[in-house]
Amino acid sequence: MPEAPRCRFAPSPTGYLHVGGAHSALANWLFARHTGGTFLLRIEDTDAERNRPELTENVLEMLRWLGLTWDGDPVHQSDRFDLYRQAADRLLEAGTAYACDCTPDEVQARHGERGGPPGYDGHCRDRGLVPAEGRALRFRVPDSGATGWTDLIRGEVRFEHANLEDFVLLRSSGAPTFLLANAVDDADMAITHVIRGEDHVNGTPKYLLIRGALGSGVPAFAHMPLLVNQGRKKLSKRRDDVSVADYRARGYLAEAMVNYLALLGWGPPDGVEVRPLAEIVDLFDLADVNPAPAFFDPQKLAHVNGEYIRALEPAAFVERAAPFVPPGEERAREALEALAVEVRDRVRTLAEVPELIDFLWRDEPDIDEAAWEKAARGKGAAEVLEGAIAGLSSIGAERWEPGAIRTVVEGAAVEAGLVNAEGRPQLAKAQAPLRVAVTGRAVGPPLFESLAALGPDRTLARLQAARARLP
RNA sequence: GCCCCCAUCGUCCAGCGGCCCAGGACGCCGGCCUUUCAAGCCGGUAACGCGGGUUCGAAUCCCGUUGGGGGUGCCA
């Protein structure tokens, strides 16, 4: 019986959680849940300069929101500097690391002079410098040979040592770099599978060299495809719309986001894309992941989100949409409940909900003038309004429901001459001026249900106001 | 520049030597349904980058090429 897999998501709190990070976290989570393994979280906060502690909470909150729960407590690298220094000492004693007093500027200047490949030139390799404050520690990469691994997604990958420069393990400040801390922690945490983005492929031989020098064995690697934008560039927080928190705020459901993310770089064997997470856990396999970069397509995300929204029970929809209508507004909540199903079936994000029903809680409809002009110019607009006003006035509050309203509007349509060849009322034409008059918009939930929810008094007042605007 | 990775419709995924003159999904276009808009249903559009091999047979294997991406920090 092989040891149970252990994997981890290791975000750096230099920014909020973005969809690329979520994609990589999801791959780890799916792998762990599928294999019955353990999914750990490690906060890589070794860079005091760029570290923003408050962002750690955003990352944790978003992972929780997505449902990507981790096992045990998150590990913070800032608490473990002793561990890294001990490892560095061992490498120093073994001669696989050496002190270096070159400044980054010097390294770059020498590169400028000599040309050729950038990176460190091994200047301090054999100077026998004693480690001290202000001196960095570098790894002595073997002159010959190569380091490689069998990537679970990419197959064989190899790097010639000749192409690897002596990289920094400890900064001159004494703080560990990502390369050292990452490798040491994975060994310490007994990580068996390193699942991360393709942008880490180039750092992997260095990781392997450190682990080899430390004699700590090696985990398996799976480098996930990067998520790219329309220009096929790696998603960037600066220019792309990638904040997970923003997607939540814009009315995307966590389960839809997770389902969509799972579809990037991977697809279920049976082709059923939108499905319960449990089934995805069941089907997911790293060996099936596509190594090519994948475009993060907001349109398809929206489609998947719409499917999830429509699958919600009415009551559940109301609960989840409630935060998107004016809070504390009793009429808003009532409006949501009154037209729950009609609205649910028409939105792709919860943020689209208020514009469909705001006419119910506003004192006056917010009239879209372009829509009004068009409807007012339509044939029989004034007659339909008048007929509706007269007919609806006589319905009475107790019989104010969609069916009765429809009957009145059909009658008004006939009287206004809006009939087809068979003499049937043309409701599409008749409802246009009524809809704009009452809701302010040209499109929205079904009209009769909308008027039923609005009630006779407000409906009639709005129809009369609209009629008054006509010549 | 150098190193590494990648390569099927516009996009995401399927295809792992014959079932493929390539299938599904999003998008787009058209139709049906219909009180608007959606949803739903039906139909259409559209791809194996190129060149060599290997093989009876290649989208599938190999080589090359072209194109794209990533890395190249005392960031992670």
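Here is how names work: the chains are called A, B, and so on, in the same order as the sequence lines, proteins then strands, and each is numbered from 1. These numbers come from a predicted model, not from an experiment.
No contact: A:Lys429 has no heavy atom under 4.0 Å from any strand. A:Gly197 comes within contact range of no nucleotide atom at all, as no heavy-atom separation falls under 4.0 Å. Using a 4.0 Å heavy-atom criterion, one finds that A:His200 contacts the bases of the nucleic acid, with or without backbone contacts as well. Within the nucleic acid shown, A:Leu447 comes within 4.0 Å of at least one base atom, counting heavy atoms only. Nucleic acid contact class of A:Arg154 (heavy atoms, under 4.0 Å, all strands): sugar-phosphate only. In this structure, A:Pro291 reaches the sugar-phosphate backbone alone: every heavy-atom distance under 4.0 Å involves primed, P, OP1 or OP2 atoms, never a base. Counting non-hydrogen atoms under 4.0 angstrom, A:Gly444 reaches a base of the nucleic acid. Across all strands, A:Pro445 comes closer than 4.0 Å to base atoms (heavy-atom distances). Counting non-hydrogen atoms under 4.0 angstrom, A:Arg435 reaches a base of the nucleic acid.
The partner of B:G18 is B:C56, by the rule that a Watson-Crick or G-U pair needs both atom distances under 3.5 Å. Across all strands shown, B:G24 is found opposite B:C12 as a Watson-Crick or G-U wobble partner, with both distances under 3.5 Å. Of the nucleotides present, none pairs with B:A38 by Watson-Crick or G-U wobble criteria with both distances under 3.5 Å. The pairing partner recorded for B:C2 is B:G71, the criterion being a Watson-Crick or G-U wobble arrangement whose two distances lie under 3.5 angstrom.
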(message) Please determine whether side-chain contact (heavy atoms from CB on, under 4.5 Å) holds for the pair A:Trp149 and A:Leu208, giving the CA-CA distance in whole Å, both sets of side-chain angles, and the decisive distance to 0.1 Å.
(response) CA-CA 9 Å; A:Trp149 72 96; A:Leu208 253 10; 3.8 Å; yes

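Not one side-chain nitrogen or oxygen of A:Arg348 sits closer than 4.0 Å to the OP1 or OP2 atom of B:C37.
Considering only the side chain of A:Glu273, B:C12 comes nearest among B:A38, B:C12, B:U35.
In this structure, A:Arg138 is not positioned above the aromatic face of A:Phe167 in the sense of NZ or CZ being under 6.0 Å from the six-membered ring centre and within 45° of the axis.
Using atom C1' as the reference point in both B:A58 and B:G51, the two lie 15 Å apart (nearest Å). Nucleotides B:G23 and B:C48 have their C1' atoms positioned 13 Å apart, rounded to a whole Å.
Atom P of nucleotide B:C13 and atom CG of A:Asn290 are separated by 5 Å, given to the nearest angstrom.
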